[in-house]
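Working notes for the structure below.
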There are 2 protein chains.
Amino acid sequence: MDQTTARSTSVTVADVAHKAGVSKATAARVLGGYGTVSDRVRAAVVAAARELDYRPNELARSMTTGRSGTIGVVVGDIENPFFSLAVRGITDVARQAGFTVILINSGEDLVAERAAIRTLLAKRVDGLIVSPAKETDVEHLHEAVRSGLPLALLDRGSDTLDVDTVIADDRHAAENITRRLITLGHSRIAYLTACDTPSHRFRTVRDIGTGSVRRRIEGFLAVCREAGLTGMEDWVHVGAVSSEHTHRIVTEMLQSAQRPTAVIASDSIIGLEVFKVHRQLGLSIPDDLSLVSFHDADWTSVTTPPVTVVRQPVYDLGATAAKLLVERLNGEAGPARKVILKTEILERASMREVF
Amino acid sequence: MDQTTARSTSVTVADVAHKAGVSKATAARVLGGYGTVSDRVRAAVVAAARELDYRPNELARSMTTGRSGTIGVVVGDIENPFFSLAVRGITDVARQAGFTVILINSGEDLVAERAAIRTLLAKRVDGLIVSPAKETDVEHLHEAVRSGLPLALLDRGSDTLDVDTVIADDRHAAENITRRLITLGHSRIAYLTACDTPSHRFRTVRDIGTGSVRRRIEGFLAVCREAGLTGMEDWVHVGAVSSEHTHRIVTEMLQSAQRPTAVIASDSIIGLEVFKVHRQLGLSIPDDLSLVSFHDADWTSVTTPPVTVVRQPVYDLGATAAKLLVERLNGEAGPARKVILKTEILERASMREVF
DNA sequence: TTTCTTGTTGAGACCGGTCTCAATTGGAAA
DNA sequence: TTTCCAATTGAGACCGGTCTCAACAAGAAA
């Protein structure tokens, strides 16, 4: 247990081989755990390695094997509880399978997302899990796929991208919750999303790049139409990208003459902001306003009243995406698999009948 | 713009060089952005690279340069809002400085943490940001430092580890909040933490491995002692590691004959559980129980009543750790820097005088 | 004893970059 | 015109592993 001086140049297989009195190839066999080596020699190499405190250089290993043992993950924002939970699912499965995770958040920005993919490609990740900011703009992902990199899509799909995809049944969830609100007598129902459009106003679902959100809005509008509610496009608010933006949008909305009697928040961050603003304005949930939020965030169950949510299996979303990807990395062939995980409405006390 | 067939073997500098009619060395100079090359040749190489869709192999580059352009981050649990926010701070700064982040969560488990460090060392990360599970057990970190790897400690320090450290003034915060509770007349004050001890009971602060938590408990006990409250060690509850554990501990605690009149939750996850349980048991905050939680989690401001918290600059904690590390990676020498970020008590309505 | 396996080992190429060093070239200085 | 210097380029070693292939030894089969 002598104190080894901090040497900048690390111990290599060649060093170990020399010390053990065997060839580099043999030492490499022992250290790399491949090929066949006699017990005697193995012991000698292991001893030498321990004595020199040998540490394998994964980089060099990756160089020849072509596998880096890492998967690249690109999400919108790790700070968002939705993504942090999904990433937890991903990392758990990845680790189990012997992979490490390089995490990059795109901030839902296409340029950043492209840069992220380029970086990950350069780093030679073995596979990619991406939550594309815009389903319609996935040329960079096509490129990755073309270069032979397995890709799994998380929470958002793409029609043009024929790869493993794990999403929630967003449209269905939106339909259900909208139907429920309409049953309760609501007709002035607002839908709030962080997704933005060029004009910062909602015109058509085609402007919504984020797939999960587009499907939700489609479901929302479809059910409204079905129920005879027209012009509901005007009730869709986009661009709730930051706390400040959301605060302004919600405040304006709730103070307008024609204020909604119900709000559907597309994620828990927006939902939280709605909750805060309704208090500030002295409104009452559910008396003055019914609220439902996507994502069963922790806060939704402890407010007064607790908030009705669309529970998504977020951890599983991530874990499943990772599972599918790992299977590909282990050679699984076959057509792309689309997994749609079920959501569930947890009806709490934030919705009420309107007369 | 012809469709390139997905070739498994990627385009290398040699390929580009060949196509451009120059030597490998020259092509490498252009592609790698080093050395000096004539404009004419540069243009030719760039054109060839574009035509072949050349993508640099960072692995190979790292091989020779010895820099991988990645930093390894080991945190307890990315799902915990505290860490996800800190990681956001880290990734923002890292990206700005041109580094990517490999994320591993230890689950606050020492064995997992050791494995994580080993993995990251093998992957030849350029630097390390770690939130050590146990301050007393950092031999693996010593090893990393010994091998010349810059290390920054996040949220938890270590006396034996002389490296850049960014923590919050936990002790001070705990002292303040304890003092405040005592001023309000509380004497039965419970402290709840996820940290566990071998016996699952609290005896001495020396059993608490997590530095930030130990400092808080020290502050808590010191102020209690100062105020003449003795035997407060019995009011420290450890092992609130999971939702289930916490639920059981809190339920038992709040149902005991000698139930506390105030609870200090060491993180927002525990705080949330306390809040849930108090409701289930039909107690009232703040009438029957005062509650204060570390970490200004989003939910704390929307409950009824809103919960008093110790606000920590979590994003900055991560960002600063990353900043210090990046400085080291850029050659900054000099002694280890210990940064202590200020906390702040946000007093809301969950505490009340007891008579 | 001879031949054939089978197991074990070593030599050296290779992965895709970087980097050193020597050679070549062209223009400025003498 | 000759000499010198700086700019540009190419050849090839190197990073630290993996992996192919050939050599060799020992035991089994003939």
Side-chain angles (χ1 to χ4, degrees), chain A residues 7-46 48-49 52-70 119 121-126 147-148, chain B residues 7-46 48-49 52-70 119 121-126 147-148:
Chain A
R7 54 167 84 187
S8 53
T9 105
S10 53
V11 180
T12 73
V13 272
D15 298 332
V16 175
H18 183 76
K19 172 133 200 155
V22 298
S23 76
K24 186 182 149 198
T26 302
R29 274 190 267 262
V30 176
L31 268 15
Y34 57 91
T36 124
V37 183
S38 70
D39 291 348
R40 212 167 40 75
V41 170
R42 161 165 288 113
V45 171
V46 168
L52 295 173
D53 192 28
Y54 167 78
R55 292 172 182 280
N57 184 333
E58 276 293 338
L59 252 43
R61 183 172 293 169
S62 303
M63 189 81 247
T64 43
T65 60
R67 308 195 87 198
S68 64
T70 54
T119 301
L121 247 58
K123 295 231 182 265
R124 294 298 193 263
V125 293
D126 292 334
S147 73
Chain B
R7 55 167 86 185
S8 53
T9 105
S10 52
V11 179
T12 72
V13 271
D15 298 331
V16 175
H18 182 77
K19 172 135 200 152
V22 299
S23 75
K24 185 182 150 199
T26 302
R29 274 189 268 262
V30 176
L31 267 15
Y34 58 91
T36 124
V37 183
S38 71
D39 290 346
R40 212 168 40 74
V41 170
R42 159 165 290 111
V45 171
V46 167
L52 294 174
D53 192 28
Y54 167 78
R55 291 171 184 279
N57 184 333
E58 276 292 339
L59 252 43
R61 182 170 294 167
S62 303
M63 189 83 247
T64 41
T65 60
R67 307 194 88 198
S68 64
T70 54
T119 301
L121 248 57
K123 294 230 182 267
R124 295 296 193 264
V125 293
D126 292 335
S147 73

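Chain letters run A, B, ... following the sequence lines, proteins first and then strands; every chain starts at 1. Bear in mind the structure is a predicted one, so any value in this text is a computation, not a measurement. Keep in mind that the numbers below use all heavy atoms, side chains included, and drop hydrogens, waters and symmetry copies.
Considering all non-hydrogen atoms of both residues, A:Tyr54 and A:Val11 come closest at CD1-O, 3.4 Å. When all heavy atoms of B:Val30 and B:Arg42 are compared, the pair lying nearest together is CG2-CA, 3.9 Å. Nearest heavy atoms, B:Val45 versus B:Val16: O-CG1, 3.7 Å.
In this structure, A:Arg40 places its CZ atom 13 Å from C1' of C:dG7, rounding to the nearest Å. One can place NE2 of B:His18 at 19 Å from C1' of C:dG17, the figure rounded to the nearest angstrom. When the P atom of D:dC15 is taken as reference, atom CZ of B:Arg124 falls 13 Å away, rounded to whole Å. The nearest whole Å value for the distance from the CG atom in B:Leu59 to the P atom in C:dT18 is 13 Å. At whole-Å resolution of the value, CG in A:Asp39 and C1' in C:dG7 are 12 Å apart. In this structure, the NZ atom of B:Lys123 is 15 Å from the C1' atom of D:dG16, given to the nearest Å. Computed from coordinates, the B:Asn57 CG to C:dG17 P distance equals 5 Å when rounded to whole Å. Remark: P of C:dG7 and CZ of A:Arg42 are 14 Å apart, rounded to the nearest angstrom.
The base of C:dG17 sits with one of its N or O atoms less than 3.5 Å from a complementary donor or acceptor on the side chain of B:Lys24.
Remark: side-chain polar atoms of A:Thr65 are paired, donor with acceptor, to backbone N or O of A:Arg61 under 3.5 angstrom.
Of the two residues near DNA chain D, B:Met63 and B:Val22, the one whose nearest nucleotide lies more 5' is B:Val22. Taking for each of A:Thr64 and B:Ser23 the nucleotide of DNA chain D with the nearest heavy atom, the 5'-most of the two is the partner of B:Ser23. Both B:Leu31 and A:Val41 lie near DNA chain C, and the one whose nearest nucleotide falls closer to the 5' end is A:Val41.
For B:Ser38, no side-chain nitrogen or oxygen approaches OP1 or OP2 of D:dA7 to under 4.0 Å. Taking only side-chain nitrogens and oxygens, A:Thr26 comes nearer than 4.0 Å to OP1 or OP2 of C:dG10.
In this structure, NZ on A:Lys24 lies 14.5 Å from NE2 on A:His18, to the nearest 0.5 angstrom.
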Chi angles and distances behind the side chain to side chain contact (heavy atoms under 4.5 Å, CB included) call for A:Ser68, B:Leu59: CA-CA 9 Å; A:Ser68 64; B:Leu59 252 43; 4.3 Å; yes
Side chain to side chain contact (heavy atoms under 4.5 Å, CB included) evaluation trace for B:Arg29 with B:Thr36: CA-CA 7 Å; B:Arg29 274 189 268 262; B:Thr36 124; over 6 Å; no
Find every protein N or O atom lying less than 3.5 Å from an N or O atom of nucleotides 20-22 of chain D, and list the pairs.
none

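Here A:Thr36 lies in heavy-atom contact (under 4.0 Å) with a base.
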